[in-house]
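Below is one structure; the comments refer to it alone.
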Protein chains: 2
Amino acid sequence: MRIALDAMGGDYAPEQIVAGAIDAAREFGCEIVLVGDQEKIYRELNKYPDWNKLKISVHHATEVIEMGEHPVAAVRKKKDSSLVVAAQLAKKGECDAVISAGSTGAAVTSALFTLGRIAGIDRPTIATPIPTGHGVTLLMDSGANVDSKPRHLVQSALMGSIYSECVFGIKKPRVGLLNIGEEATKGNEQVLNTYPLLNQMHTINFKGNAEGRDITGGSFDVVVCDGFVGNIVLKFAEGLAKTLLKLMREAIMKGGLLAKVGALLLSPTLKKFAQQIDYAEYGGAPLLGVDGCYIIAHGSSNAKAIKSAIGVACEYVKQDVVSRIRENIEKEEMLADDREK
Amino acid sequence: MRIALDAMGGDYAPEQIVAGAIDAAREFGCEIVLVGDQEKIYRELNKYPDWNKLKISVHHATEVIEMGEHPVAAVRKKKDSSLVVAAQLAKKGECDAVISAGSTGAAVTSALFTLGRIAGIDRPTIATPIPTGHGVTLLMDSGANVDSKPRHLVQSALMGSIYSECVFGIKKPRVGLLNIGEEATKGNEQVLNTYPLLNQMHTINFKGNAEGRDITGGSFDVVVCDGFVGNIVLKFAEGLAKTLLKLMREAIMKGGLLAKVGALLLSPTLKKFAQQIDYAEYGGAPLLGVDGCYIIAHGSSNAKAIKSAIGVACEYVKQDVVSRIRENIEKEEMLADDREK
């Protein structure tokens with residue numbers, strides 16, 4: 001198993017990317033190809049005296065796609081960028097999976113251009129694991145597509161269900177449709193038209209509508225929504241977490257000596273608590289529906305997040321998620337029909 | 001100033017509703033008409049020996065609309081329900097404002113049926129204040145309308161801006177359009193078509209797109225979105241808060257003696273912190289666009305939330321929010337045209 005890792009993408013590249021690769025190579029024993037500016041990568045690698053005993057190699061790429069660039073234009077123009085070259089290693093069969101913490105738009109574009117789509121899937125979907133404290137809920141789509149048609153959400157549900165089973169080991173994952181009420185008669189046109197289709201599917205365990213509170217409530221394993229809604233929910237959660245932490249720190253600073261001692265005594269507990277809800281524990285978000293394994297890591301991934309993303313990629317390839325998606329498309333008549341068109 | 005308060009609506013009715021009315025009558029000096037089962041209401045009132053020195057009266061209503069009932073059917077059928085009778089007191093001019101913590105659907109329906117809409121407003125909108133720790137951001141719509149047209153979002157923006165100014169005292173409120181990116185070229189069809197309209201408005205201070213993280217980030221005072229998105233974000237926040245609290249408690253219980261002592265020492269600080277982000281401090285959510293003042297209180301409102309909602313209603317009436325909305329519709333040509341049609 002070989003994984004192409006974009007060493008130049010993300011806020012803490014290449015330092016944290018290389019650190020994550022070292023940890024993953026040690027723990028999972030998979031082979032990692034670091035793609036990017038070889039000089040910078042070797043400088044990081046040489047911080048680990050034993051790195052050349054691990055299955056790590058470097059593939060040079062001269063360019064880097066920056067966060068602000070237009071995804072399609074950047075992918076077209078920067079053919080020797082770490083992000084594009086990493087995807088091509090997978091296309092050529094030299095690697096089994098690709099991971100990037102760079103621009104999400106550019107990652108989606110380059111995955112689509114180079115790996116292509118699985119037949120029967122119109123639009124690949126970003127499946128983001130949301131920690132609930134006792135596991136995860138898979139939120140999909142979290143931003144790849146807006147104005148999705150009902151059949152796109154059906155495809156999402158099928159793929160999310162397989163991913164949840166293969167990578168998180170959940171049997172018969174409970175799939176919900178994100179909506180503003182539990183009743184099948186509630187919602188906007190998009191979800192009203194999607195509900196009956198999900199209800200007809202053979203390959204998923206559809207449990208009806210999920211409300212906003214169910215995303216972290218633990219009663220659904222996969223929550224399906226349009227990328228517009230998913231992206232807003234995800235960024236809202238990030239913003240809220242930051243706001244709460246900031247306010248909590250301010251309150252402790254103002255709270256005098258007792259509050260500070262209390263915070264000190266409580267700090268090991270708080271650290272464990274933070275770990276329970278830390279996205280970095282759950283690795284990146286796969287772009288489901290592309291014909292291969294492409295994991296999008298968070299832009300501010302640290303070494304732990306990169307290591308987790310590599311772990312996810314290994315599981316994805318081992319469980320052959322792509323073949324499983326193909327099989328289930330065959331089983332769902334409405335999607336198999338789409339595929340033939 | 002007289003306020004009709006549905007004494008039977010909400011999870012803690014009539015006890016907490018009456019308690020909130022007592023506190024508000026003491027603090028704000030406004031007149032409150034408690035609407036509902038008079039026997040139950042007097043039983044609660046008699047817990048306060050001095051209640052008849054306050055400007056509180058009781059208006060008997062024999063029926064109650066339950067949470068599970070179909071809004072339109074319930075409002076049509078239960079003509080002597082506390083929720084419907086309260087709205088009629090406002091319609092007849094006997095009260096200046098209505099507050100209910102009952103079924104949101106029934107509240108919206110009864111407000112529309114009895115008070116009607118302001119000319120130029122197609123769809124009234126629920127404006128929910130989201131605490132940011134240092135004030136609030138007004139999220140609108142939080143669930144009254146789905147599949148909104150761009151002109152509905154324009155109307156929302158106009159109303160939210162006035163409300164933020166009148167009730168929260170913010171000068172030139174910064175209005176944002178909730179979207180998945182900052183750039184004007186990002187988003188779904190709905191927001192792409194809304195952006196240029198908001199940009200043309202004279203009566204609001206439009207600051208461009210707001211992302212999910214901006215809802216609690218403090219850089220916008222009013223965030224405009226479709227009710228489908230707003231409702232999901234709001235319920236997600238509620239669910240997340242519950243999940244975090246539960247996990248935190250579990251972590252402290254498992255954390256041993258030091259963690260428990262730490263939590264004890266920190267508890268006054270945590271209480272202050274919780275107060276900063278407690279929605280009950282900010283009262284209910286007005287249904288903006290109806291021809292009158294209708295405040296929807298949270299279903300699980302306690303006495304504090306009811307008191308805050310009454311405070312908000314007083315401010316709404318004093319500042320004559322309805323007339324201000326009418327004036328600004330006149331100033332916005334595109335809406336004044338709508339009005340004439």
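No experiment lies behind these values; they were computed from the predicted model shown. Every chain is numbered from 1 and lettered A, B, ... according to where its sequence line falls, protein lines coming before strand lines.
- Both the backbone and the side chain of A:L244 have a heavy atom closer than 4.5 Å to some heavy atom of chain B.
- Residue contact with chain A, scored on non-hydrogen atoms closer than 4.5 Å, involves the backbone and the side chain of B:V233 alike.
- Across every non-hydrogen atom of A:L258 and B:L265, the tightest pair is O-CB, 3.6 Å.
- B:G187 approaches A:F228 most closely through the heavy-atom pair CA-CE1, 4.3 Å.
- Ranked by non-hydrogen atom pairs under 4.5 Å with chain A, the options B:N145, B:I180, B:N231, B:L234 are led by B:I180.
- Between chain A and the options B:G239, B:G143, B:G181, heavy-atom pairs under 4.5 Å are most frequent for B:G239.
- Each of B:L240, B:I252, B:L178, B:V261 has some count of heavy-atom pairs under 4.5 Å with chain A, and the biggest count is that of B:L178.
- The candidate from A:V191, A:I232, A:V146 with the greatest count of non-hydrogen atom pairs under 4.5 Å with chain B is A:I232.
- Of the listed residues (A:K254, A:E238, A:M248, A:Q190), the one with the most heavy-atom contacts under 4.5 Å to chain B is A:M248.
- Both the backbone and the side chain of B:N179 have a heavy atom closer than 4.5 Å to some heavy atom of chain A.
- Between chain B and the residues A:K260, A:K242, A:R213, the most heavy-atom pairs under 4.5 angstrom are made by A:R213.
- The side-chain heavy atoms of B:H134 and A:K246, taken from C-beta on, include a pair separated by under 4.5 Å.
- If you measure heavy-atom distances from B:E250 to chain A, the contacts under 4.5 Å come from the side chain alone.
- Around the CD atom of B:E183, the shell of radius 6.0 Å holds more than 12 heavy atoms that belong to other residues, nucleotides or ligands.
- Shown here for B:L247 and A:T132, the closest heavy-atom pair between the two residues is CD1-O, 3.9 Å.
- Here A:T243 is the residue among A:T243, A:V229, A:L264, A:I130 with the most heavy-atom pairs under 4.5 Å with chain B.
- With a threshold of 4.5 angstrom between heavy atoms, A:A210 does not approach chain B through any atom at all.
- With rounding to the nearest 0.5 angstrom, the OG atom of A:S148 is 9.5 Å from the CG atom of B:N188.
- With a threshold of 4.5 angstrom between heavy atoms, B:A241 does not approach chain A through any atom at all.
- Nearest heavy-atom pair across A:A259 and B:T269 is CB-OG1, 3.2 Å.
- The number of heavy-atom neighbours closer than 6.0 Å to NZ of A:K149, taken from other residues, nucleotides and ligands shown, is 12 or below.
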